[in-house]
Amino acid sequence: MPDVYNWHLGRKMSYAFDESHPSKQFVAIFNINRCIGCQTCTGACKATWTFSKGQEYMWWNNVETKPYGGYPQHWDVKILEQLDQAHQAAGIQPKWDTSQSDEQSPYGTYNGMTITEAAANGNEQALGYLPEDKQWRAPNFYEDTATAYKGDAALGISLDGASLPEHQTWFFYLQRICNHCTYPACAAACPRKAIYKRPEDGIVLIDQGRCRGYRKCVEQCPYKKSMYRGTTHTSEKCIACYPRVEGSDPLTEGVPMETRCMAVCPGKIRLNGLVEIAADGSWVEDPQHPLYYIIKTEKVALPLYPQFGTEPNVYYIPPRWAPRPYLHQMFGPVVDEAIAHYAAPSRQLLAVLQLFRTTQKMIFRYEIVEGPLVLETEVNGKPWQMYNDTVIGFDGKGQEAVRLTVVEPIHERPAERMNTI
Ligand code: SF4
Ligand code: SF4
Ligand code: SF4
């Protein structure tokens, strides 16, 4: 298999195809700290794309409660177990080396096997399994079910209450769509070469004309985001709402738009856009792009299970209250730094974080106009200041799309109109 460079792992890895990168990449950030588990995103995707016969269990967007929940059930536990077994068989102890990091390896180097490398001596392109039908039946099994952090707590319930920085009784919501991976395992797995990554935006699609429903993509996508449709005998997956990304939705008059699941989010946890990609697959430096700034400059949003090796393009701001060993396994080795930066954000980061869910248009650039100091306090024992800066977001045509301040303005209704609009 050819070697390709995976910057999440800080090293080359083997993959089914030679390196070939899109000019732009569809990217999203989900801020777990803000999700209220309302499933509006889930319903919006279903109402738009998967309301037809044969798609009953297709939840291209789902929100599961960790640690017990998962769709299909236990998807990550199963693939992590497979990866563990492969490491044990090979006599390898997988580890992250964080002693050195740079632009090409911001999280250090992963010294373990990816799902592709772990399958290298077998007949498959990647480790994987085909979920049983019953595992697809309950998309939100274990919703809101907490667990105890303390190992000796009976019945998984801690009687000691909870306190920051890590709650002893905890759960969090994990929002999931297809990651439109840089190195998609689903595409590598497909014997029909029916899955492709679009050169203009990196969106991964299944050609319904070529697909014969062999379900190799369902088996080998480690995130289990390719799904089989019995009525058409083909597999289907999240299409990143590509008509909106292309700007063909009349609402935005030709500029790229965030997807349905992003645009409806009442928790304002989602930010979605396109980043520019260089020929070698690296992100073109662009610190005035909100996604680039949050992911690359501040490193507060991290990939989900980077050790799988697909270089997913959905990033998460990890929850502050969950036990760190659990989060390290899920988001890699720099979780502590990411949470520390998020809990006491820099002046610029606090302004950029305001851009989540303020417009349906994708934001390609932001500017900040400095405002007055409004708060001086301490966070985690260190001084921290808040400024009422104004952040301005610009759309794909360079036009101003949104303008807002860090401190939300308060509008007082006149007494005589207290209960009217
Ligand atoms: S998340 Fe799965 S289905 Fe989506 S691109 Fe990656 S490997 Fe393919
Ligand atoms: S991006 Fe579009 S197709 Fe994909 S999960 Fe969200 S709403 Fe569904
Ligand atoms: S719509 Fe937003 S807040 Fe609601 S569940 Fe989805 S991601 Fe969470």
Side-chain angles (χ1 to χ4, degrees), residues 15-16 25-51 55 58-65 71 75-76 79 114-116 125-128 139-140 143-144 172-190 194-198 201-206 215-228 235-245 249 257-272 303-305 308-314 316-317 319 356-357:
Y15 179 61
Q25 176 61 54
F26 174 94
V27 170
I29 298 175
F30 296 165
N31 183 354
I32 292 177
N33 295 276
R34 300 189 66 163
C35 179
I36 53 174
C38 63
Q39 305 284 359
T40 312
C41 48
T42 309
C45 179
K46 175 143 282 288
T48 310
W49 302 114
T50 62
F51 50 81
Q55 296 179 310
M58 273 194 192
W59 300 95
W60 292 353
N61 180 107
N62 78 290
V63 179
E64 56 204 41
T65 302
Y71 185 69
W75 64 275
D76 50 351
I79 191 72
T114 65
I115 57 162
T116 313
Q125 294 287 349
L127 290 185
N140 210 3
E143 182 181 26
D144 291 357
F172 64 86
Y173 300 119
L174 187 69
Q175 315 72 25
R176 301 207 307 117
I177 65 170
C178 164
N179 294 289
H180 298 279
C181 304
T182 301
Y183 303 113
C186 57
C190 179
I195 305 185
Y196 60 104
K197 193 167 170 66
R198 302 207 308 181
D201 51 24
I203 291 173
V204 176
L205 297 177
I206 303 177
R215 282 182 268 189
K216 295 304 285 184
C217 53
V218 182
E219 187 181 314
Q220 291 181 26
C221 165
Y223 302 97
K224 292 288 169 264
K225 277 297 171 190
S226 186
M227 298 162 192
Y228 180 68
S235 296
E236 295 180 7
K237 60 180 279 304
C238 154
I239 58 169
C241 295
Y242 66 79
R244 292 170 69 99
V245 175
D249 190 301
M257 204 176 171
E258 295 199 341
T259 70
R260 285 282 287 143
C261 60
M262 315 277 172
V264 296
C265 173
K268 298 188 171 191
I269 83 143
R270 296 177 174 222
L271 189 71
N272 169 217
L304 177 63
Y305 294 121
F308 290 168
T310 64
E311 208 185 282
N313 285 300
V314 174
Y316 293 83
I317 302 181
F356 281 61
R357 291 276 32 77

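FYI, the numbering just counts along the sequence from 1. Whatever order the structure lists them in is the order used to number ligands and atoms, beginning at 1. All values below come from the heavy atoms of this structure, side chains included, with hydrogens, waters and symmetry mates left out.
- Taking each heavy atom of K197 and C181 in turn, the nearest pair found is NZ-O, 2.9 Å.
- For a distance threshold of 2.8 Å, the protein N, O or S atoms nearer than that to atom 4 (Fe) of ligand 3, listed by chain and number, are C38 SG.
- For the residue pair R244 and E258, the shortest heavy atom distance occurs at NE-O, 2.7 Å.
- Close contacts between ligand 2 and N61 involve ligand atoms 5 (S) [criterion: under 4.0 Å to a heavy atom].
- Note that the CD1 atom of I32 and the CD1 atom of I317 stand 9.0 Å from one another [nearest 0.5 Å].
- Residue Y242 qualifies as open at atom OH: its count of foreign heavy atoms under 6.0 Å is 12 or below.
- Y316 contributes atom OH, which lies 8.5 Å from atom CD1 of I269 (distance to the nearest 0.5 angstrom).
- Using a 4.0 Å cut-off to heavy atoms of R270, the atoms of ligand 3 that qualify are 7 (S).
- For Q175 (side chain) and Y173 (main-chain N/O), a donor-acceptor pair under 3.5 Å exists by modelled atom type.
- Atoms SG and CZ, from C217 and R215 in turn, are 10.0 Å apart once rounded to the nearest 0.5 Å.
- To the nearest 0.5 Å, atom CD of residue E311 and atom OG1 of residue T114 are 12.0 Å apart.
- Between K268 and ligand 3 there is no heavy-atom distance shorter than 4.0 Å.
- Taking CZ of F26 as the start and CG of D201 as the end, the distance is 8.5 Å to the nearest 0.5 Å.
- Here R270 contributes atom CZ and F30 contributes atom CZ; the two are 3.5 Å apart, rounded to the nearest 0.5 Å.
- Sorted by chain and number, the heavy-atom contacts of ligand 1 below 4.0 Å come from C178, N179, H180, C181, P184, A185, C186, V204, C221, Y223, K237.
- Aromatic pair Y223/F308: ring centres closer than 6.0 Å.
- Within the listing of ligand 2, atoms 3 (S) sit less than 4.0 angstrom from a heavy atom of I239.
- With ligand atoms numbered from 1 in the order given, ligand 2 contributes 7 (S) to contacts under 4.0 Å with heavy atoms of R260.
- Distances below 4.0 Å separate heavy atoms of W49 from the following atoms of ligand 2: 2 (Fe), 3 (S), 8 (Fe).
- Remark: side-chain polar atoms of R176 are paired, donor with acceptor, to backbone N or O of Y71 under 3.5 angstrom.
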